[in-house]
Amino acid sequence: MIELANVHKSFGKVEVLKGITASVEKGEVVCIVGPSGSGKSTILRCINGLESYDSGDILVEGARVDRNAPSIVAIRTQVSMVFQRFNLFPHRTALENVIEGPIFVKKEPRAAALERGRALLAQVGLSDKIETYPPQLSGGQQQRVAIARALAMEPKAILFDEPTSALDPELVGDVLSVMRKLADDGMTMVVVTHEMGFARDVADRVLFIDGGVIVEQGPAKSVLNQPQHARTQDFLRRVLHPL
Amino acid sequence: MQAFWRDTVEFLPILMSGVALTIIVTIGSLLLSTTLGLVWALMRVSGIGVLTGFSAGLINVIRGIPIIVLLFYLYFVMPELGLTLTALQAAILGLGIAYSAYQAENFRAGIEAIDKGQIEAAQAIGMGWWQTMRRVVLPQAVKIVLPPYGNIMIMMLKDSSQASTITVAELALQGKLIASSTFKNTSVFTLVALMYLTMSIPLILLVRHFEKRAGQK
């Protein structure tokens, strides 16, 4: 449902994506791992047009992603995004954050959006925080509201950009378990993460990116347990045994 | 002192008619400058080259012309170009245009202070530029913009006295007229100063309230 073909992208003189070709099938969970600065987040940001790309093609359900074309709105309502720093709207309550897109972008009736918004917040374990403003929530709670906000668009896929990197360690688990449940329910997910345990257990496939190219990809367990490439081996050793 | 009270009783009614015009000029130019300032600021952050350039240039031109010259231009020159304005209209228009530059810079600073992640989150749920501004950026920018906005209100109240130069009989001009016909300069200008101060105090308190609220976040 998401296809990238030979995608190139430069920031000024620095080429961050050097020909990325990959695809994500419906219902698949794909984790993108790799060292920082390798272009992982840029790939996600290109898929929903937050970033432009210089050449190649990105297709979502057959429609080409072009951030300057009107069609980008339809693509963004189909592919939601969860950010590293949550990016909740601080001037709106948890529930208002969740219903913002359905009401103002998808023009759903308010009553229906409210009802689904409450159900989604319950689904991520935040029934008691419906009227709370984001600054009064912990990082883990904020990220779960952000996931509910992404789900409220009834997307066909969700992109997660290092969803647990800004969290205190003891809050990571809550967010990961919500994501795991989504995966079990068959949501198509592309997850940039440093949580190797999550990638190994939940992902169908793992892409290892370094220096703007896909160095290695395959079923999660084989890439993470028996990496073939020296760079993958080196990276995993550093992540899993930092001392 | 007794003389001052006597003068106060005598001149206050005349000066009050000046206060009415001062308030009309201030509110009129406040509304106009806010509207224009918002338009310039939105043009400036639109990301569209032509609009950004136009807005930046216009703001500099407006900032570079003294208010009094702008007023003279509107009141004395525009009739020669076929547009005759009453003194009050010219005053509101002139002050409104002059202050739109400061309003615009204030609004722009507020808009640009909003975290880029907010804009990305809005885009990611499919919002367009205008919707992002209206639903996400502007409501948050208001809090940042309000304290300086209050200061601009105070400055406008005082600068409304410049309308006296184009014959608007607001508070300053009424004072000057009374003073020059009665020679009671001390009483009259003390009264005028006190009346401006009285009008400023609520605004000063308002600014303090805004600052407190902005500081809470």
Side-chain angles (χ1 to χ4, degrees), chain A residues 41 44-45 47-51 67-92 96-108 113 133-136 142-143 145-146 148-155 157-161 166, chain B residues 34 38 41-53 106-150 206 209-217:
Chain A
S41 293
L44 284 196
R45 295 164 58 80
I47 292 174
N48 73 345
L50 286 182
E51 210 78 71
R67 76 188 301 259
N68 295 315
S71 60
I72 194 67
V73 172
I75 289 170
R76 282 171 176 164
T77 56
Q78 290 173 43
V79 182
S80 292
M81 183 144 183
V82 172
F83 297 87
Q84 180 177 358
R85 303 214 52 88
F86 332 131
N87 297 353
L88 292 179
F89 306 129
H91 58 302
R92 303 197 191 288
E96 286 169 346
N97 265 278
V98 174
I99 62 174
E100 183 74 14
I103 291 182
F104 293 95
V105 177
K106 296 181 86 176
K107 313 288 181 201
E108 284 178 29
Y133 285 88
Q136 269 82 54
Q142 289 192 49
Q143 194 60 297
V145 174
R149 176 172 71 178
L151 288 170
M153 299 302 287
E154 301 185 308
I158 304 183
L159 312 173
F160 292 83
D161 187 5
Chain B
T34 303
L38 195 57
L42 288 174
M43 284 166 74
R44 189 75 190 268
V45 300
S46 65
I48 300 168
V50 187
L51 296 182
T52 306
N106 181 26
F107 294 154
R108 179 170 71 102
I111 291 169
E112 287 179 348
I114 301 305
D115 179 20
K116 239 183 133 255
Q118 290 290 308
I119 295 162
E120 291 185 345
Q123 287 177 341
I125 56 173
M127 286 189 175
W129 185 86
W130 176 241
Q131 216 173 18
T132 302
M133 276 293 152
R134 203 169 52 83
R135 298 286 310 165
V136 177
V137 177
L138 294 181
Q140 295 183 64
V142 165
K143 272 198 198 112
I144 301 167
V145 157
L146 273 182
Y149 186 82
L206 195 65
H209 170 73
F210 287 155
E211 280 169 348
K212 239 187 240 162
R213 222 178 49 172
Q216 275 168 0
K217 273 275 150 170

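FYI, side chains are in, hydrogens and waters are out, and symmetry mates aren't considered; it's all heavy atoms of this structure. The chains referred to below are lettered A, B, ... by the order of the sequence lines, with proteins before strands, and numbering in each begins at 1. Since this is a predicted model, take the numbers as computed values, not measurements.
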Q) Quick one: what part of A:Leu88 sits under 4.5 Å from any heavy atom of chain B, side chain, backbone, both or neither? A) backbone

Q) Between A:Val105 and B:Met127, which heavy-atom pair has the shortest distance, and what is it? A) CG2-CG, 3.7 Å

Q) Looking only at heavy atoms, what is the nearest atom pair of B:Ile125 and A:Met153, with distance? A) O-CE, 3.2 Å

Q. Do A:Asn87 and B:Asp115 pass the side-chain contact (heavy atoms from CB on, under 4.5 Å) test, and can you show the C-alpha distance, the side-chain angles, and the key distance before you say yes or no?
A. CA-CA 9 Å; A:Asn87 297 353; B:Asp115 179 20; 4.3 Å; yes

Q | chain B-proximal positions within residues 96-104 of chain A [heavy-atom distance under 4.5 Å] | A | A:Glu100, A:Gly101, A:Phe104

Q.
The criterion is side-chain contact (heavy atoms from CB on, under 4.5 Å); which residues satisfy it with A:Leu50, sequence neighbours excluded?
A. A:Arg45, A:Asn48, A:Arg76, A:Met81, A:Phe83, B:Glu120, B:Gln123

Q. Of the listed residues (A:Arg67, A:Lys106, A:Arg149, A:Arg92), which shares the most heavy-atom pairs with chain B below a 4.5 Å separation?
A. A:Arg92

**Q.** A:His91 side-chain N/O to B:Val137 backbone N/O, donor-acceptor pair under 3.5 Å
**A.** no

